[in-house]
Amino acid sequence: MSAREPATVGSAWSLITVVASQAVVVTGVLYYFGWAYASAYYQHFGVDLRLLGFSTQDYVLRSLNGGFRPAVVALFITMVLFAARRLPEWHAIRRRRPRRVLRMWVAATCATGAAITVLVAAVMFIRLPESTPAGITSALGLWLPVMLIAGVALLGYSNALRIRHRALLGIRARNADSDTATLRINMAAFIALALIGCLWAVGSYAHREGTATAQQAENQHFHHYPSVMIFSIDRLGIEGPGTVTGHIDHPDERYKWVYSGVWLLARTPDRYILLPQQWKATRDRVFVIPDNDTIRIDIARTPN
């Protein structure tokens, strides 16, 4: 084996390790997004997620459609910012006083980042009155984490400029070890705050999307939900706007009661979650029907 082969194997193993760690992080974010989305969606119907018993795979799959657009936007913004990261240096080099220009960039990014971060922290401790419109509360829940990420990113970028151009900026460290430790602590704090902001933004956006999707389904009268017909040996308490109850008198028929005008909201291994056709939030009930041999469920596709 040549000397190059162990290096190649080590590089490949490092690449695999990085990809695996990134996959774990992405899976965790998708799981969190799917959980927040499903929680808000079913909360609109008054259904607790613990009743549904979704698995990790279910949450990850539910996050794909809703998380695709913000992921693309975030990646695009990251690419643009990465391409523009040399702008202060480019601007300073083309000026007669590069030190002064670069100091202005450092001061501007640091002051802007600090102002945004302090503003977010101040708003977080303000208790909004109960009469605050839901739209304002939802907007704050979405934009505050984005502002936190932006503020922390500017602070981190200002810190990176200080590290990269210490000599040009005229920074003299009295204790190199102490200065390096301080910079590492600052960067660790910035990264932690950025991660908190990312999780906060993901959760807020997922909650907003889940609520909006549930409200849209209600406004559209659940036309894309499967229609359900229930046959039962015993009479069930399925009553609501749009539901129809029928009795089967034939002596050879096992199921004596039939219910129609019902939508299928969700299904678990042992139960069905059903809605009356004209269901309205805060007015109508959600039906939980056990899946056993006393019940037969017929599902039909709803015409568009």
Side-chain angles (χ1 to χ4, degrees), residues 11 14-15 18-19 21-23 25-26 28-30 33 67-124 139-205 208:
S11 300
S14 300
L15 178 61
V18 171
V19 171
S21 62
Q22 295 297 323
V25 173
V26 170
V29 173
L30 291 177
F33 184 98
F68 180 77
R69 183 171 58 184
V72 171
V73 173
L75 289 175
F76 177 77
I77 294 176
T78 302
M79 291 173 60
V80 172
L81 294 178
F82 183 80
R85 73 189 187 283
R86 301 292 186 183
L87 180 60
E89 303 169 5
W90 177 85
H91 186 208
I93 291 174
R94 282 158 178 76
R95 295 294 177 178
R96 294 181 179 180
R97 298 180 178 179
R99 175 177 295 181
R100 181 180 179 183
V101 173
L102 194 58
R103 283 180 174 176
M104 291 176 59
W105 273 100
V106 171
T109 54
C110 183
T112 304
I116 295 175
T117 305
V118 170
L119 177 61
V120 172
V123 174
M124 287 176 60
L140 287 176
L142 181 62
W143 285 107
L144 281 179
V146 175
M147 292 173 61
L148 176 61
I149 296 171
V152 172
L154 288 173
L155 289 174
Y157 183 64
S158 174
N159 196 50
L161 288 176
R162 288 193 183 97
I163 297 173
R164 187 182 302 118
H165 302 289
R166 180 180 301 172
L168 180 60
L169 293 171
I171 300 175
R172 296 291 183 267
R174 297 180 180 179
N175 190 328
D177 295 336
S178 176
D179 183 64
T180 301
T182 301
L183 293 175
R184 289 179 177 177
I185 292 173
N186 290 339
M187 293 305 296
F190 294 150
I191 293 173
L193 285 174
L195 290 176
I196 292 173
C198 290
L199 291 177
W200 185 8
V202 168
S204 298
Y205 181 81
R208 184 175 182 177

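Just so you know, these numbers use all the heavy atoms, side chains as well, and skip hydrogens, waters and symmetry mates.
Under the side-chain hydrogen bond (donor to acceptor under 3.5 Å, both in side chains) criterion, Y157 pairs with no residue, sequence neighbours left out. Applying the side-chain contact (heavy atoms from CB on, under 4.5 Å) criterion to V146, with sequence neighbours excluded, gives W143. Partners of T78 under the side-chain contact (heavy atoms from CB on, under 4.5 Å) rule, at least two apart in sequence or in another chain, do not exist in this structure. When the side-chain contact (heavy atoms from CB on, under 4.5 Å) test is applied to L30, the partners found at least two apart in sequence or on another chain are V26, V60, S63, L64. Every residue meeting the side-chain contact (heavy atoms from CB on, under 4.5 Å) condition with S204, not counting sequence neighbours, appears here in chain and number order: P145, W200. Applying the side-chain hydrogen bond (donor to acceptor under 3.5 Å, both in side chains) criterion to R86, with sequence neighbours excluded, gives E89.
Of the inter-residue distances, the one linking L155 atom CG with L193 atom CG reads 9.0 Å to the nearest 0.5 angstrom. Distance check: I149 CD1 to L195 CG gives 9.0 Å after rounding to the nearest 0.5 Å.
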Donor-acceptor pairs are to be reported for all side-chain atoms of residues 104-111 against protein atoms at under 3.5 Å, with residues two or more places apart or in another chain.
{"unit_1": "W105", "atom_1": "NE1", "unit_2": "H91", "atom_2": "ND1", "d": "2.9"}
{"unit_1": "T109", "atom_1": "OG1", "unit_2": "W105", "atom_2": "O", "d": "2.9"}
{"unit_1": "T109", "atom_1": "OG1", "unit_2": "V106", "atom_2": "O", "d": "3.0"}

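Nearest heavy atoms, P88 versus A84: CD-O, 4.3 Å. The two residues I116 and M147 make their nearest non-hydrogen contact at CG2-O, 3.1 Å. Across all non-hydrogen atoms, the minimal contact from L144 to V123 is CD1-CG1, 3.7 Å.
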